[in-house]
Structures are given as C-alpha cells and as structure tokens.
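Report on the structure given below.
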There are 2 protein chains.
Amino acid sequence: MVKRTSFEHDDCPIARSLDAIGDWWSMLIIREALFGVSRFGEFQKRLGLAKNILTVRLRALTDQGILKTAPASDGSAYQEYLLTRKGRGVFPILVALRQWSEEFDERPEEISTILVDKENGQPVRKLELYSQDGRPLGAGDTALKSRPAEKQGKRATASPSS
Amino acid sequence: MVKRTSFEHDDCPIARSLDAIGDWWSMLIIREALFGVSRFGEFQKRLGLAKNILTVRLRALTDQGILKTAPASDGSAYQEYLLTRKGRGVFPILVALRQWSEEFDERPEEISTILVDKENGQPVRKLELYSQDGRPLGAGDTALKSRPAEKQGKRATASPSS
DNA sequence: CAATCTAGTTTAATTATGCAACCATTGGAG
DNA sequence: CTCCAATGGTTGCATAATTAAACTAGATTG
C-alpha cells in the first residue's frame with residue numbers, strides 16, 4: 001500500500017494531531033471558521049480551493065468532531081459549519097504557526113496582518129511554554145516521560161521514543 | 001497545473017508556515033531533531049519513512065534554513081543534520097499540537113508520553129495566549145489588524161482576509 | 001578485498017488534487 | 001405555475017505528488 005501512512009494509531013500525540021488536521025486545507029478551514037466563516041460558499045470563495053476538496057475536508061473535519069453542521073440560522077434553509085469545542089481548541093496551534101512565521105520568515109514584509117488583543121488593539125504576547133512554577137521552558141528544558149496510567153494500574157516502561 | 005497550490009506568496013503567516021513545515025514528515029523530522037536525532041539513518045529508522053522521502057524532506061528543510069548540515073562530529077566523515085535557530089523555533093508549534101491531542105483525542109489512553117519539565121519531572125503548563133498586560137486570550141478575544149509598516153511608509157488597507 | 005553500513009537515486013505504483021461539467025434544491029421574476 | 005439563477009454540492013478525468021521497493025555508490029569493518 002502506498003497509502004498516505006496514517007498516524008492514527010501512533011502513540012505520539014503530535015503525530016495524532018497531524019493525522020487529524022495536518023494538511024494545508026484543514027488548518028486553513030479552521031482558521032476561517034475561527035473568524036466566523038460558516039458557509040460552504042464562503043469557505044470556497046475565501047480559500048479558493050476546489051469545491052470537491054472542500055466537500056471532502058468539511059466532511060472529514062465534521063467526522064472528527066472538529067466541525068459540526070447546524071441546520072440554517074441565517075435565512076434560507078441550507079446548513080452551516082460551526083466549530084466545536086475541539087475545533088476551537090486548535091486556536092493555539094494556529095497562533096503558534098502564525099508567530100513562527102512572524103519571527104522567522106525571510107520576507108516578513110509580505111505578511112499583512114498581526115494578531116491583536118481585541119480590547120485595546122495591542123499585539124498579543126508571544127506564546128511561551130511554562131513550567132508548573134512559572135519558569136519559561138525551551139525545548140532543551142523538557143523531556144518526555146511515559147504517561148502515568150490515569151486510573152488503571154497500567155504503566156508502560158520509560159522510553160524516549162516520541 | 002494541478003500542483004499543490006503553494007502558499008509561499010500568501011500574505012497570511014499561517015499559510016506561510018504551513019507551506020514551509022505543514023506536512024506530516026517535516027514536522028516529525030523536526031520533532032526528532034529536537035530530541036537530538038541528527039543522522040539520516042536514525043531519522044529513517046525512528047520515523048519509518050522511505051529514504052527517498054527523507055532525502056527530499058531533509059533537503060527542503062535545509063534549503064529553508066530550518067536544518068543545517070554539519071560535516072561530522074561523531075567519528076566517521078558523514079554529515080549530520082542540525083536544527084538552526086529557526087528550526088528550534090518550531091518547538092511551540094509541536095507543543096501546541098501535542099497539547100491539542102492530549103486534550104481532545106478520543107482515545108487518550110493510546111498516548112504514551114507526556115511532556116515534562118526536565119528540572120523536576122512535572123508536566124508542563126498548557127500553552128496559553130496572553131495580552132500585553134497578562135490577560136489570557138481566547139480566539140474570540142483577538143482580532144487581525146493590518147500590519148503597521150515597520151520602517152517604510154507601506155500601509156495596507158484593513159481587511160480581515162486572513 | 002569481501003561484507004556491510006550510510007546515504008542516497010531511480011522506478012513504478014497508488015493517491016491526492018484541481019478543473020470542469022453536471023445534479024439537486026431553494027427562491028424569486030414573470 | 002414555469003423558467004432562471006444562485007447555493008451547495010457530486011462525479012469523472014487528467015495530472016501532480018507520495019510512497020515503497022529496488023538499486024547504486026562510497027566509506028568502514030573484518
């Protein structure tokens with residue numbers, strides 16, 4: 001099988017996320033949805049993708065519980081696509097992607113927008129990872145530990161495999 | 001051309017990031033690199049991808065300044081792939097992806113590892129977006145503003161297009 | 001100097017993507 | 001009530017991208 005190796009059953013959570021939303025269009029669809037886009041035609045117009053692909057992506061996102069379809073809401077009886085809680089949870093990922101581009105892109109002048117706090121119009125802070133006691137952590141300050149079984153006495157052996 | 005519409009010249013920073021690292025393998029290669037993997041064979045063994053793909057990905061990542069090749073370091077004269085500063089900057093994206101999976105995956109018991117603070121072994125905090133004055137911000141608390149021209153008097157008109 | 005490891009390249013199959021044309025439903029004009 | 005356009009898709013086909021597997025070539029080991 002040449003099939004696009006699915007990471008659905010990989011035990012690495014990064015791989016799992018990528019399996020769900022790790023393609024260009026899904027991420028951009030969620031981006032638009034976070035800005036209030038909910039109609040098929042509007043997604044299509046704003047993203048400029050082919051309708052068949054949009055159909056497939058919307059269905060996949062819906063199947064995964066990232067989007068849900070609501071009957072209508074605005075006038076005419078078509079359906080609209082709304083984010084679920086899981087879908088809204090993608091927001092930090094999009095922010096991280098945005099900030100990476102803002103910091104490292106070699107043509108930052110082509111970036112036209114900045115993300116600001118709606119309250120006062122000021123740019124948001126850079127996302128940072130903190131320890132429980134509030135120290136900022138870089139990649140080198142972290143390690144992977146085998147997950148301590150939540151309720152069951154199920155405990156894997158430690159191995160830094162992902 | 002049916003070519004995978006490149007977002008390289010899109011003015012949305014999210015699209016630009018996705019264009020650079022928005023495929024499964026690139027992201028996973030960077031994940032491994034952050035854990036110290038640097039040799040071709042090791043990437044191949046740990047990720048289980050085909051060598052030709054690894055070749056293409058490594059070259060693309062190198063061309064983009066995310067990885068750099070160093071002559072050897074450990075004994076024999078082969079080369080190794082090391083992360084640049086830009087490459088290490090991907091870390092928050094990977095953390096965001098990981099945490100999304102940890103929070104919303106419907107089979108969290110299959111996730112085998114957790115990310116911990118190396119100092120004390122405690123789990124890291126959840127990534128959160130903050131305003132300049134320290135309030136936590138959700139997607140709804142933010143807006144996009146046209147970028148205020150940095151040095152030049154180049155100013156785009158406001159439009160919430162990305 | 002033969003076997004093997006590393007780091008690829010080539011080949012050929014499978015899949016995804018994009019375009020265009022087509023179908024179905026809704027809403028309005030005549 | 002009928003026709004026409006808009007919305008929201010589905011279907012078919014050509015082409016580009018991914019992929020696994022086989023092959024290659026230089027370095028290392030025995």
Side-chain angles (χ1 to χ4, degrees), chain A residues 1-10 15 18-29 32-33 36-64 67-82, chain B residues 1-10 15 18-29 32-33 36-64 67-82:
Chain A
M1 264 212 291
V2 186
K3 203 171 141 190
R4 192 209 87 204
T5 30
S6 163
F7 299 112
E8 202 180 342
H9 298 299
D10 198 308
L18 290 176
D19 198 62
I21 52 174
D23 66 295
W24 310 277
W25 292 129
S26 298
M27 207 75 95
L28 295 175
I29 287 168
E32 295 300 328
V37 173
S38 65
R39 299 294 292 265
F40 185 94
E42 208 177 348
F43 281 116
Q44 209 245 314
K45 219 174 301 167
R46 294 175 62 110
L47 294 174
L49 45 33
K51 291 194 292 181
N52 53 351
I53 296 173
L54 181 55
T55 301
V56 172
R57 285 294 177 283
L58 287 174
R59 187 165 11 248
L61 289 170
T62 305
D63 288 349
Q64 284 174 131
L67 292 176
K68 64 186 170 215
T69 51
S73 115
D74 69 320
S76 339
Y78 289 113
Q79 61 183 355
E80 57 181 11
Y81 297 89
L82 298 173
Chain B
M1 266 211 293
V2 186
K3 205 172 140 188
R4 193 210 87 204
T5 30
S6 164
F7 299 113
E8 201 182 340
H9 299 298
D10 198 307
L18 291 175
D19 198 61
I21 52 173
D23 65 294
W24 310 277
W25 293 127
S26 297
M27 207 75 95
L28 295 175
I29 288 169
E32 295 301 327
V37 174
S38 64
R39 299 294 292 265
F40 185 96
E42 208 177 347
F43 282 116
Q44 208 248 314
K45 220 173 300 169
R46 293 176 63 109
L47 295 173
L49 46 30
K51 291 187 289 184
N52 55 348
I53 298 171
L54 180 55
T55 301
V56 172
R57 286 292 178 286
L58 287 175
R59 192 171 358 254
L61 289 170
T62 305
D63 288 349
Q64 283 173 128
L67 292 176
K68 64 187 170 213
T69 52
S73 117
D74 70 320
S76 335
Y78 291 112
Q79 63 182 354
E80 57 182 11
Y81 296 89
L82 298 173

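What you see below is based on every heavy atom in this structure, not just the backbone, and it leaves out hydrogens, waters and symmetry mates. Keep in mind the model is a prediction, meaning the values are calculated, not measured. Quick note on labels: first sequence line is chain A, next is B, and so on, each numbered from 1.
The nearest whole Å value for the distance from the CZ atom in Arg46(B) to the C1' atom in dT6(C) is 18 Å. Atom CG of Asp19(B) is separated from atom C1' of dA17(D) by 14 Å (rounded to the nearest Å). Distance Asp23(B) CG to dT19(D) C1': 13 Å, rounded to the nearest Å. For Glu80(B) and dA27(D), the CD to P distance is 18 Å, given to the nearest whole Å. Phe43(A) has its CZ atom 11 Å from the P atom of dG9(D), to the nearest Å. Rounded to whole Å, atom P of dT7(D) lies 15 Å from atom CG of Leu54(A). As a whole-Å value, the separation of Leu47(A) CG from dC19(C) P is 14 Å. For the pair Leu49(B) CG and dT18(D) C1', the interatomic distance rounds to 11 Å; values are reported in whole Å.
Looking at heavy-atom distances under 4.0 Å, Tyr81(B) makes contact with sugar-phosphate atoms alone, never a base.
Nucleotides of DNA chain C nearest to Lys45(B) and Arg59(B) differ in position, and the one nearer the 5' end is that of Lys45(B).
The side chain of Trp24(A) has dT18(D) as its nearest neighbour among dG8(C), dT18(D), dA7(C). Candidate nucleotides dG8(C), dG8(D), dT17(C) were compared by shortest atom distance to the side chain of Thr55(B), and dG8(C) ranks first.
Within the 3.5 Å criterion, the main-chain N or O of Arg46(B) finds no donor-acceptor partner in the side chain of Glu32(B).
Here the shortest heavy-atom pairing between Tyr81(A) and Leu67(A) reads CB-CD1, 4.3 Å.
Rounding to the nearest 0.5 Å gives a distance of 8.0 Å between CD1 of Ile21(B) and OG of Ser26(B). Annotation: the span from Arg39(A) atom CZ to Gln44(A) atom CD amounts to 13.5 Å, rounded to 0.5 Å. Atoms CG and CZ, on Leu28(B) and Phe43(B) in that order, are 11.0 Å from each other to the nearest 0.5 Å.
For dG9(D), one of the phosphate oxygens OP1 or OP2 lies less than 4.0 angstrom from a side-chain nitrogen or oxygen of Gln79(A). At least one side-chain nitrogen or oxygen of Trp25(B) sits closer than 4.0 Å to the OP1 or OP2 atom of dT19(D). When the side-chain nitrogen and oxygen atoms of Arg39(B) are compared with OP1 and OP2 of dT6(C), none of them lie within a distance under 4.0 Å.
Side-chain contact between Glu80(A) and Leu82(A): present, with at least one pair of heavy atoms (C-beta onward) separated by less than 4.5 Å.
For the helix from dC1(C)-dG30(D) to dG30(C)-dC1(D), the terminal axes (five pairs an end, C1' atoms, rotation from four pairs onto the next four) enclose an angle of 10°, given to 10 degrees.
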I'd like a table of donor-acceptor pairs (distance under 3.5 Å, sequence neighbours excluded) in which one partner is a side-chain atom from residues 53-63 of chain A, with atom names and distances.
unit_1: Thr55(A); atom_1: OG1; unit_2: Lys51(A); atom_2: O; d: 2.8
unit_1: Arg57(A); atom_1: NE; unit_2: Asp23(A); atom_2: OD2; d: 2.5
unit_1: Arg57(A); atom_1: NH2; unit_2: Asp23(A); atom_2: OD2; d: 3.3
unit_1: Thr62(A); atom_1: OG1; unit_2: Leu58(A); atom_2: O; d: 2.6

I'd like a table of atom pairs between the protein and nucleotides 20-23 of chain C - only N or O on both sides, under 3.5 Å - with the distance next to each one.
none

